[in-house]
Peer 1: 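Before we start, here is the structure in question, set down as structure tokens.
Convention: sequence-line order gives letters A, B, ...; per-chain numbering from 1. Hydrogens, waters and symmetry mates are skipped; everything else that's a heavy atom, side chains included, is used.
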Number of protein chains: 2
Amino acid sequence: MPTTKPRWLDDDEMRAWLAYRRMRLLLSAEINRDLARDSGLSEADYDVLSNLTAATTTTRTTATTAGTTPTGAADRRRLSELAAHMQWSKSRLSHHITRMEQRGLVRREEVDGDARGSFVVLTPQGRETIERAAPHHVHSVRRHLIDRLSPEQIRVLGEIGDVVLGPLEGEGIPED
Amino acid sequence: MPTTKPRWLDDDEMRAWLAYRRMRLLLSAEINRDLARDSGLSEADYDVLSNLTAATTTTRTTATTAGTTPTGAADRRRLSELAAHMQWSKSRLSHHITRMEQRGLVRREEVDGDARGSFVVLTPQGRETIERAAPHHVHSVRRHLIDRLSPEQIRVLGEIGDVVLGPLEGEGIPED
DNA sequence: CGCAGGTCGGTGACATGTCAACCACGGCGC
DNA sequence: GCGCCGTGGTTGACATGTCACCGACCTGCG
């Protein structure tokens, strides 16, 4: 808590803070609009799907990849494991999976060893959807963000993420 | 639309994209949590309030300032003007003002020349609230973001905002 | 004047998230 | 075997936003 006078933001700092906030508002809106138009998915849908296919390929941390699937893929993850990985609350994921299940994109499946848990499994339609969506999405992300930045700006943005997120990753989501 | 093969993101690009997305998720959550705990406000509340006091002082574009008010301030703005300035949809603002009105932070007031429109007016309690909240909020923003960044990172973040937002500012919000 | 079309806002239905229980099960100590 | 607690997940009530649409009101023009 600021016991004394607060140090207000100077012009550069304000500009940076504003940049972050405006991007959160406008850039996200734009990319999500593209995604909805091109593929009928919300960003949340896309993330879930891509984290399910990602599980099958090599380690893919984010949502902007979806290559062809190697044979014998698993396409399934425990709810809690997926929630932790995405840093979503279990509640959020559960609600969202329910909705995606009704649209036929994923389905729940029991776990053998543990009667409490369940898997989320990608349906064929889910796979089809994400594979179709991915190229458009990457294109959208490039068009609105990545391709507008210089290599230096890209590098620095990555650095900023490391510096800022480091201390936060631990604390996680409020966790139900 | 990607007619040919999509250009997937390379490692640096992916890192930058991930940084943006994780910050949107975790950093925002953290700062909002602080704000709610310290001042009982949501980020949206804070923005509205600060844009109302801002109108009274010199031109303040963002939400991280709230100095003492000069005498004879107006503390009022047209709904549509405020919505445009914040780049919120009118619907969103209208709903939100209704809720804030019920908490006594703002109130609506008729416009003389135009029977359609209304002003949003800061109540004394609203002013009190934002002035109390501001120092904590700046502190929180510094602690989680600004003070973790080097001057160069701050400068580049600002640049990124300009480059990315430039093309978007025009398009505005889906606008009801 | 009189009205066509834009502007200002408000509303209701619906989507998404959060928070706080809650339930059922698994594991462990005794 | 039993009692307890931690885990995995679900649920319902509620907050916030979006979208589509309404309605009142201005304004320019014939």
Peer 1: For A:Tyr46 and C:dT16, give me the distance from atom OH to atom C1', rounded to whole Å.
Peer 2: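 That distance rounds to 20 Å.
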Peer 1: Round to the nearest Å and state the distance from B:Arg33 atom CZ to C:dT18 atom P.
Peer 2: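 In whole Å, C:dT18 P and B:Arg33 CZ are 10 Å from each other.
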Peer 1: For A:Arg92 and C:dA20, give me the distance from atom CZ to atom P, rounded to whole Å.
Peer 2: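 Roughly 18 Å, once rounded to whole Å.
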Peer 1: Calculate the interatomic distance between B:Leu82 atom CG and C:dG9 atom P; express it in whole Å.
Peer 2: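 Computing the B:Leu82:CG to C:dG9:P distance gives 10 Å.
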Peer 1: Take the protein atom CG of B:Asp47 and the nucleotide atom P of D:dT16, then report the distance between them rounded to whole Å.
Peer 2: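 Value for this atom pair: 13 Å.
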Peer 1: Closer than 4.0 Å, any side-chain N/O of A:Arg78 to the OP1 or OP2 of D:dG9?
Peer 2: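 Result: yes.
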Peer 1: Could you give the NZ-to-C1' distance, from A:Lys90 to C:dA21, as a whole number of Å?
Peer 2: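 One finds 13 Å between C1' of C:dA21 and NZ of A:Lys90, rounded.
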Peer 1: Who pairs with B:His96 by ring-ring contact (aromatic ring centres under 6.0 Å, His included), at least two apart in sequence or on another chain?
Peer 2: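 B:His96: ring-ring contact (aromatic ring centres under 6.0 Å, His included) contacts with B:Trp88.
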Peer 1: Is B:Asp38 close to B:His137 at the side-chain level, that is, under 4.5 Å between some pair of heavy atoms?
Peer 2: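 The answer is no; the side chains never approach within 4.5 Å.
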Peer 1: On DNA chain C, does the nearest nucleotide to B:Leu79 precede the nearest nucleotide to A:Asp45 from the 5' side, or the other way round? Give the residue.
Peer 2: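 Counting from the 5' end, the first nearest nucleotide belongs to B:Leu79.
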Peer 1: Over all strands shown, is A:Ala44 touching base, sugar-phosphate only, or nothing at heavy-atom distances under 4.0 angstrom?
Peer 2: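 Result for A:Ala44 = sugar-phosphate.
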Peer 1: Should the pair A:Arg7-A:Glu13 be classified as a salt bridge under the 4.0 Å nitrogen-to-oxygen rule?
Peer 2: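 Salt bridge absent between A:Arg7 and A:Glu13.
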Peer 1: Does B:Asp12 have any side-chain hydrogen bond (donor to acceptor under 3.5 Å, both in side chains) partners at least two apart in sequence or in another chain, and if so, which?
Peer 2: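 For B:Asp12, no residue satisfies side-chain hydrogen bond (donor to acceptor under 3.5 Å, both in side chains) once neighbours in sequence are set aside.
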Peer 1: Can you tell me if A:Ser80 touches the phosphate of D:dT7, counting only side-chain N or O atoms and a distance under 4.0 Å to OP1 or OP2?
Peer 2: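 Negative; the distance criterion is not met.
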Peer 1: Sequence neighbours left out, what passes side-chain hydrogen bond (donor to acceptor under 3.5 Å, both in side chains) with A:Arg99? Give chain and number order.
Peer 2: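 Residues passing side-chain hydrogen bond (donor to acceptor under 3.5 Å, both in side chains) with A:Arg99: none at all.
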Peer 1: Take the protein atom CZ of A:Arg116 and the nucleotide atom C1' of D:dT7, then report the distance between them rounded to whole Å.
Peer 2: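 Checked: the CZ to C1' distance equals 5 Å.
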Peer 1: Choosing from D:dC25, C:dT18, C:dC25, which nucleotide comes nearest the side chain of B:Asp114?
Peer 2: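 Between D:dC25, C:dT18, C:dC25, the one nearest the side chain of B:Asp114 would be D:dC25.
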Peer 1: Which residues pass the side-chain hydrogen bond (donor to acceptor under 3.5 Å, both in side chains) test with A:Ser118, sequence neighbours left out?
Peer 2: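 So A:Ser118 forms no side-chain hydrogen bond (donor to acceptor under 3.5 Å, both in side chains) with any residue.
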Peer 1: Could you tell me which residues satisfy side-chain hydrogen bond (donor to acceptor under 3.5 Å, both in side chains) with B:Ser42, sequence neighbours excluded, listed by chain and number?
Peer 2: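 With neighbours one apart ignored, the set is B:Asp45.
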Peer 1: Can you list, by residue number, the residues of residues 94-110 of chain A that have a non-hydrogen atom closer than 4.0 angstrom to DNA chain D?
Peer 2: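 Hits under 4.0 Å, by residue number: A:Ser94, A:His95, A:Arg108.
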Peer 1: Please give, in whole Å, the distance from C:dG9 P to B:Arg77 CZ?
Peer 2: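 My rounded result for the distance is 12 Å.
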Peer 1: Tell me if the side-chain of A:Ser91 makes a donor-acceptor pair with the base of D:dT11, cut-off 3.5 Å, by modelled atom types.
Peer 2: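 It does, because a donor-acceptor pair links the side chain of A:Ser91 to the base of D:dT11 below 3.5 Å.
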